[in-house]
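Have a look at the structure below, then the notes.
By convention in this document, chain letters (A, B, ...) are assigned in the order of the sequence lines, proteins followed by strands, and residues within each chain are numbered from 1.
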Protein chains: 2
Amino acid sequence: MERPTMDDVAQRAGVSRSLVSLVMRESPRVSDSSRAAVQRAARELNYRPNLAARQLASRRTLTVGLIFYDLHNLFFSEVTEGIHAVASASGYRILINNGRQQADVERAALDSMIDLQVDALLLAGTILDDDVVIAAAEQLPVCAISRAIDHPLVDTVCNDNRLGSNLVVDHLAELGHRRICHISGGDGAGSAERREGFVDAMHRHGLEPMIIDGHFTEQAGAQAARDLLNHDDPPTAIYAANDLSALGAMGAIKQAGLSVPEHFSVVGYDNTALASFDYVRMTSVEQQRLHIGEAAMRAVLSRLDTPRRAALNEMVVPELIVRSTTGPARSGPITAR
Amino acid sequence: MERPTMDDVAQRAGVSRSLVSLVMRESPRVSDSSRAAVQRAARELNYRPNLAARQLASRRTLTVGLIFYDLHNLFFSEVTEGIHAVASASGYRILINNGRQQADVERAALDSMIDLQVDALLLAGTILDDDVVIAAAEQLPVCAISRAIDHPLVDTVCNDNRLGSNLVVDHLAELGHRRICHISGGDGAGSAERREGFVDAMHRHGLEPMIIDGHFTEQAGAQAARDLLNHDDPPTAIYAANDLSALGAMGAIKQAGLSVPEHFSVVGYDNTALASFDYVRMTSVEQQRLHIGEAAMRAVLSRLDTPRRAALNEMVVPELIVRSTTGPARSGPITAR
DNA sequence: CTGAAAGCGCTAACAA
DNA sequence: TTGTTAGCGCTTTCAG
């Protein structure tokens, strides 16, 4: 069964193909009667426009590509909701590709999107080289999410990671914590800023920053926590660079027969579903993911209108969500209950 | 900056466009010297073939569409890995769309994919009407994942949900549990079979099945558990239809000051990251997600070769992963520690 | 092994 | 408001 084409519809409706085209694109300059006839014919034939042909002729796809750093990280799922909301309101569809945490896979995904001629590109936490991103931005609007890129053509939307770290340290200091350890996020998106914010905030409170190099993974958090447990003078609070890592730390603490927040306070970042489960109830920093997604989509839409405008670098204000994994600092050494 | 076309490459390489086309499609019938010249010209111009044009002429995209029931469910992330592995080995790219748990969004995603002329469609846990799926299957190869559809054109890959439930009940019965409650998954993918498998297995053990209607969500699991806690004679074990729901139940139990597995054993389904976190260590049923993804992708590839072959309905054997949320049944009523 | 020519299904001036 | 006419960038016969 061959798919009907515009010509088939035109023939059936007794009009020309261009008229059908106009109706399909919802042009106002069509008489009501013609429009009705075309729509009826289209329905009867179960006609659907061929996007490839449309795109070849019009040079646009009404499609934006979205490349994920990692499909397993729930942070991006929520960001996608925001993107979707704005995109669908503007008649754009979204195509997702998974970078699987590997730069070369991301690169292939990016090439693939460009081959498909998406109208714009959204990069969610990708670790692609700046050069690659900039080269892409020379071809089409690009917005990087959760990643700073300083270039006039690349828009960015990030949360204020330094501020987030400050909120965390303030909260912990207020609870009486003085020895706070940060498990860093390695080369992950935003981890450098979170780390710097942590150091600054600690100094501001007159405290000595303590840092373990980590990753945005459960394993890294677990390993770091195990190291801390063997420390001569373990900290009273742990601030992990994201929820996954924080949960890893909580797992290690639990396995050691200790508990949160009695022995250690633990704070994560991202406020993903992981943190909000009643079984976990983790204190975490909310980045305003929905807002981030919306802002990113709006950025590329506006650049579609104004290709050479100056870069937009939006900094979203994060918020600390206090739950049950933070409490007063224990006094003295660790004693199993 | 205009994108170079095949003609530009041909001109630069001093050959005809058709020859460039052959080289781009890696045809063996090209002399080494021509091939080299074309490849060099393409590289120098930074040429990338226009997929829309290619598709318009060849009628294929080398692209498969994947529609997710929900991007927030980690189950599908893993399935995607399997799909990706097989797809990329065969030169196919994957395009993902999120159904956001709503049939109409799924429908829009499906239409969108068909408009884009993807070569085949993979449906991961979608709740689309059978009619819609079948109509799609008449246009292109379709494989439904985690969902049974009985139609000669629709391939399916599911895990054996009945068997999964049997494994769970066997395990719990062996631990001495006799009052086991199943929190069902409502209209979610596979929940009917899990429920039936549960009932059968209970009867096989001479036990009375107990069921609460639920959903594939944390909230549903929590609500069900709260109901059970108020029960005259609460069960000693809870088998939730998926990990999310099981974690919800664990949260409610924890909030009530009770613990797992001392007061209640809890089992989930899917063995997602949620279950394997050290902080959770939940006993759960592994569906062999990677294998499921691979099988689904292989199914559509084979149907691309043999469009009218009989439907393939693969049933993947699940495995019970025993962790720390199941233990011997408590004897007697619940007493807080 | 290489080139010429005819579309794929649609959009976009331009004319009428 | 509607129809005519060129393409969009590529693949695919078919000759040579």
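Residues from residues 5-20 of chain B with heavy atoms under 4.0 angstrom of DNA chain D, sorted by number: T5(B), M6(B), R17(B), S18(B).
Counting any heavy atom pair closer than 4.0 Å across all strands shown, R25(B) reaches a base atom.
Residues forming a side-chain contact (heavy atoms from CB on, under 4.5 Å) with N50(A) (at least two apart in sequence, or on another chain): A52(A), A53(A), Q55(B), L56(B), Q117(B). Residues satisfying the side-chain contact (heavy atoms from CB on, under 4.5 Å) criterion with R60(A), sequence neighbours excluded, are S58(A), L62(A), Y92(A), D119(A). Residues satisfying the side chain to side chain donor-acceptor pair (under 3.5 Å) test with N97(B), not counting sequence neighbours, are none. Residues that satisfy the side-chain contact (heavy atoms from CB on, under 4.5 Å) test with R43(B), not counting sequence neighbours, are Q39(B), R40(B). The side chain to side chain donor-acceptor pair (under 3.5 Å) check on D115(A) picks up R48(B), with sequence neighbours excluded.
Among residue pairs with one or both ends in residues 40-74 of chain B, those qualifying as ring-ring contact (aromatic ring centres under 6.0 Å, His included) are F68(B)-F76(B); sequence neighbours excluded. A salt bridge (Lys or Arg N to Asp or Glu O under 4.0 Å) check over residues 15-36 of chain B, counting only residues at least two apart or in different chains, returns the pairs D7(B)-R17(B).
Nearest-nucleotide assignment on DNA chain C puts the 5′-proximal partner with D32(B), out of Q55(B) and D32(B).
In this structure, S302(A) contributes its side chain and A299(A) its backbone to a donor-acceptor pair below 3.5 Å. R303(A) places a side-chain N or O within 3.5 Å of a backbone atom of R309(A) that can act as its donor or acceptor partner.
Chain B approaches DNA chain D over the interval dG9(D) to dT12(D), counting the first and last nucleotide 5' to 3' with an atom under 4.0 Å from its heavy atoms. Close approach of DNA chain C to chain B, defined as any atom under 4.0 Å from a non-hydrogen atom of the protein, starts and stops at dC1(C) to dG9(C).
Counting only heavy atoms from C-beta outward, the side chains of V132(B) and E106(B) never approach each other to under 4.5 Å. Looking at I145(B) and I83(B), their side chains come closer than 4.5 Å, going by heavy atoms from C-beta outward.
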Using a 3.5 Å cut-off and no angle test, enumerate the donor-acceptor pairs between side-chain atoms of residues 291-298 of chain A and protein atoms at least two apart in sequence or in another chain.
{"from": "H291(A)", "atom 1": "NE2", "to": "E314(A)", "atom 2": "OE2", "distance (Å)": "3.0"}

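Within a 6.0 Å radius of CG in D150(A), other residues, nucleotides and ligands contribute 12 heavy atoms or fewer.
Between the two ends of the helix from dC1(C)-dG16(D) to dA16(C)-dT1(D), each summarised by a five-pair axis, the helix axis turns through 30° (rounded to 10 degrees).
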